[in-house]
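Notes follow the structure.
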Amino acid sequence: MYTTTLCDVYARAMRWLGHDVFFLTGTDEHGVKVEQSAIEKGVSPQELADKNSAEFRSIMSIFELTNDEFIRTTDPEHTKQVQAFVSTLLERGDIYLGTFEGWYDEGQEEYHTETSARDLQYKSPISGKPLVRSSEKNYYFKLSAYQERIETLFAEQPNLVRPESRFNEVLGRLREGLQDVPISRTNFSWGIPMPSDEEHVIYVWIDALFNYITALGLGDSESTLCKDREKYWPAAYHVIGKEILWFHAVIWPAVLMALELPLPNCIFAHSFWISEGKKMSKSMGNFIDLEMIDSYLETYGMDAWRYYIVTQGPLGASDADFVAETFQDLYNAHLVNTVGNCTSRVTAMIGKYFNGEVQPETKDGARIVFDGFDWPEKCKTTIHSWTSSMESFSLSQAIESVMVLIREVDVFINETAPFKLAKDESKTPELGAILYQCLETLRIASILLDPVIPIKMNEFRTSICAETTNHTFEKETAWGGLEAGIKVEKVALFPRVTH
RNA sequence: UGCGGGGUAGAGCAGUCUGGUAGCUCGUCAGGCUCAUAACCUGAAGGUCGCAGGUUCGAAUCCUGUCCCCGCUACCA
């Protein structure tokens, strides 16, 4: 949910910038866990997967995320293409049938690694029975063959994995050497069968990795899906949780190399949310579940929810703490006191002094300028830093640059004191110009904040009669887009929330 | 065990590479203003920069030791 919201902000920003965006999310539905849990519940794995996926999508719909496609790894289209890709890899010898040997826990039906077996003193942690040396046939992906190419890749693309600390983490593990990885198992059946050897089922994680390209139809080059969507590969970003970094940063690029496909530009691995200083757990009562999210949405609204998780979330290397008090403080400080109050005071003055009619910023045909406040220039600077921050997925940095701009409007109002000029009729042109410049800056800021708080920013533009059309980003954010003479209503975007 | 990151005001962080008045956001306090949602603006208080040594005229910054926290240590999705 968090991950998808981040992508949503990025996708919206990129659409504003005029890029042709394909934003993909979905559900990973295969695996032993699903199979076991289905057995326990007395339903088929497919039924359980359907239920889980539907639930996930219903949650998604609440958040109005703008993904262009929702892929399910149980889609026949996905399954078919995964088998096609695996067949190709088999033909090329990148996947081979090998023997896996290890310490097997007969009670638990699972293998332990050499190190973990030693830690357990070669006994089952559950039953206490000795582990047995056992072996089975598995299909392996020849990861070891890609050691050198992956190392070169990392040397040449220092931004392949972000944040930087994750890049270094992977690099460290890379130095320990790559071994071939098993990609199939025979002890469960809920998954995609290996082509031509149906006893084997492809491991969930490798099946799931392919979603990025099966959603684009790359595994079926004759399909219309592929014709329509192949232009979207390679992806600009794969945004993932840190727990699946290794697969995305090493195995996935190696698989793509084997298939001679281009690699994604960047894999961004975020960290985890903790809650009120502790790891989330249901028994602790600090689990952020749907019910809790709902109560936040009800109290603060969806935009506030997005604003909080995007600006305070664990996009960096360390986990972030979800704290109710911080949520409220941030909401009041940024959304109520800054965005809400500033838009309110500006629209209120236009209402009070000009009957709601926006005045021109000119006098005798020339722009009225105020020392130290070159708004067209300030806006341009903000747009530039916003753009580069957004493009590099520094979402909170992009947002902060806009907040700085809005705070400066507050400074401007305090220094030029339009409410004093209002008492002097000869100053009417200046008064009108000040308010024009404030409102125009806020209009531009509202476009920049649109990716995070779309509902409120749209509401704002509607009430100042400055709805965006389908002009280019450059045109929409150009100074002077606001026309003199339009009618403005006083706004109150974010209601104050107190305990 | 090994590799990597971190410990700076009440909270969250920047500064460390390229030594030289310790900075930002929020909170607290005081003043200003009154257009605005008890808001906004200005200013102040608050820190032995994990601990102990060393180098230097001078160390948050460089070196050594030490304590604590976190991530990774693959076949687990």
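Side-chain atoms are counted along with the backbone in the values below, which use heavy atoms only and exclude waters and symmetry mates. Chain identifiers are assigned alphabetically (A, B, ...) following the order of the sequence lines, protein sequences preceding nucleic acid strands; residue numbering begins at 1 within each chain.
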For a quick check of understanding: with a heavy-atom distance under 4.0 Å over all strands, which category does [X] fall into, base, sugar-phosphate or nothing?
| X | result |
| --- | --- |
| A:P182 | base |
| A:R175 | nothing |
| A:E243 | base |
| A:G340 | base |
| A:S165 | nothing |
| A:Y140 | nothing |
| A:L493 | base |
| A:Y353 | sugar-phosphate |
| A:G177 | base |
| A:I244 | nothing |

If we ignore angles and hydrogens, is there a donor and acceptor under 3.5 Å between the side chains of [X] and [Y]?
| X | Y | value |
| --- | --- | --- |
| A:R57 | A:T25 | no |
| A:H200 | A:N138 | no |
| A:Y2 | A:H270 | no |
| A:N337 | A:R496 | yes |

From [options], nucleotide with atom closest to [X] side chain:
| X | options | answer |
| --- | --- | --- |
| A:R173 | B:C40, B:C72, B:C76 | B:C72 |
| A:K420 | B:A77, B:U34, B:U37 | B:U34 |
| A:N341 | B:G71, B:U34, B:C40 | B:C40 |
| A:N414 | B:A74, B:A77, B:C40 | B:C40 |
| A:F419 | B:U34, B:U37, B:G71 | B:U34 |
| A:R345 | B:C35, B:A77, B:A74 | B:C35 |
| A:A348 | B:C40, B:U37, B:C35 | B:C35 |
| A:N337 | B:C40, B:U34, B:U37 | B:C40 |
| A:V336 | B:U42, B:C33, B:U37 | B:U37 |
| A:V411 | B:C41, B:C40, B:G71 | B:C41 |

How far does the [atom1] atom of [N] sit from the matching atom of [M], given to the nearest Å?
| N | M | atom1 | result |
| --- | --- | --- | --- |
| B:G32 | B:G50 | C1' | 42 Å |
| B:U64 | B:U48 | P | 27 Å |
| B:A74 | B:C3 | P | 16 Å |
| B:C29 | B:A9 | C1' | 15 Å |
| B:G20 | B:A59 | P | 11 Å |
| B:A22 | B:G58 | C1' | 15 Å |
| B:C13 | B:G7 | P | 9 Å |
| B:C68 | B:C76 | C1' | 30 Å |

Test ring-ring contact (aromatic ring centres under 6.0 Å, His included), reference A:Y308, set A:F322, A:Y296, A:Y331, output is A:F322

Taking A:E489's backbone N and O only, do any of them form a donor-acceptor pair with A:S463's side chain (distance below 3.5 Å, no angle check)?
no

Taking the nucleotide of RNA chain B with the closest heavy atom to each, which residue, A:V339 or A:N168, is nearer the 5' end?
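The answer here is A:N168.
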
Find which nucleotide of RNA chain B each of A:D329 and A:H30 is nearest to by heavy atoms, and output the residue with the more 5' nucleotide.
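Comparing both residues, the 5'-ward one is A:D329.
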
Roughly, in whole Å, what's the span from [atom1] in [X] to [atom2] in [N]?
| X | N | atom1 | atom2 | answer |
| --- | --- | --- | --- | --- |
| A:D410 | B:U34 | CG | C1' | 14 Å |
| A:Y308 | B:U25 | OH | C1' | 15 Å |
| A:K352 | B:U37 | NZ | C1' | 14 Å |
| A:E325 | B:G27 | CD | P | 11 Å |
| A:Q179 | B:C75 | CD | P | 10 Å |
| A:L171 | B:G2 | CG | P | 20 Å |
| A:R407 | B:C40 | CZ | C1' | 12 Å |
| A:E430 | B:C35 | CD | P | 19 Å |

Can you tell me whether the side chain of A:E169 and the base of B:C3 have a donor-acceptor pair closer than 3.5 Å?
no

A:R149 vs A:E156, test: salt bridge (charged side-chain N to carboxylate O under 4.0 Å, His left out). Steps then yes/no.
CA-CA 10 Å; A:R149 289 178 67 185; A:E156 284 171 355; over 6 Å; no

Give a yes or no on whether A:K378 atom NZ has more than 12 heavy-atom contacts from other residues, nucleotides or ligands under 6.0 Å away.
yes

Should B:C29 form a Watson-Crick or G-U wobble pair with both distances under 3.5 Å, which nucleotide is its partner?
B:G43

OP1, OP2 of B:C35 versus side-chain N and O of A:K490: anything below 4.0 Å?
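No, because none of the side-chain N or O atoms of A:K490 sits under 4.0 Å from OP1 or OP2 of B:C35.
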
Check step by step if side-chain contact (heavy atoms from CB on, under 4.5 Å) holds for A:F354 and A:V488.
CA-CA 10 Å; A:F354 297 107; A:V488 165; over 6 Å; no

